[in-house]
Amino acid sequence: MESEKVLLVRALWDDAARVWVATSDDVPGLATEADTVDALVKKLQVMIPELLDANGCAGADEVSFKLLSECNAIAHRHVA
């Protein structure tokens, strides 16, 4: 049995808008945002199958995806 491809979704933190922004080369048309990673995953669980269907992409009933998140931040050291 052939295993289904795991779709790659990238999420970047937009500090100005204070949201996670997700896009994917594996899911045509995917562009969404959410305040938290958990909220983003819930949106993706709905949007990814809908977009795959809308774009006529063949596949199984269940779609696996991997969410890679990236956030650049600064930490301040307190020197004694």
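- Every pair tested for ring pair (Phe, Tyr, Trp, His ring centres under 6.0 Å) that includes a residue from residues 41-60 fails, sequence neighbours excluded, so the list is empty.
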Which atom pairs, one a donor and one an acceptor, fall under 3.5 Å between side chains of residues 18-46 and the rest of the protein, sequence neighbours left out?
{"from": "R18", "atom 1": "NH1", "to": "D15", "atom 2": "OD1", "distance (Å)": "2.8"}
{"from": "S24", "atom 1": "OG", "to": "L8", "atom 2": "O", "distance (Å)": "2.5"}
{"from": "S24", "atom 1": "OG", "to": "D26", "atom 2": "N", "distance (Å)": "3.0"}
{"from": "S24", "atom 1": "OG", "to": "V27", "atom 2": "N", "distance (Å)": "3.3"}
{"from": "D26", "atom 1": "OD1", "to": "K5", "atom 2": "NZ", "distance (Å)": "3.2"}
{"from": "D26", "atom 1": "OD2", "to": "L8", "atom 2": "N", "distance (Å)": "2.8"}
{"from": "T32", "atom 1": "OG1", "to": "K43", "atom 2": "NZ", "distance (Å)": "2.9"}
{"from": "T36", "atom 1": "OG1", "to": "A39", "atom 2": "N", "distance (Å)": "3.0"}
{"from": "K43", "atom 1": "NZ", "to": "E33", "atom 2": "O", "distance (Å)": "2.8"}

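- Within the structure, ring pair (Phe, Tyr, Trp, His ring centres under 6.0 Å) contacts touching residues 29-48 (residues at least two apart or in different chains) do not occur.
- For residues 48-71, no residue pair satisfies the side chain to side chain donor-acceptor pair (under 3.5 Å) rule, not counting sequence neighbours.
- Hydrophobic side-chain contacts under 4.5 Å tie V6 to no other Ile, Leu, Val, Met, Phe, Trp or Tyr residue.
- Screening residues 23-61 for ring pair (Phe, Tyr, Trp, His ring centres under 6.0 Å) gives no qualifying pairs among residues at least two apart or on separate chains.
- With hydrophobic clusters built from ILVMFWY side chains whose heavy atoms lie under 4.5 angstrom apart, V63 shares a cluster with L51.
- Here ring pair (Phe, Tyr, Trp, His ring centres under 6.0 Å) pairs that include residues 52-77, with residues two or more places apart or in two chains, number zero.
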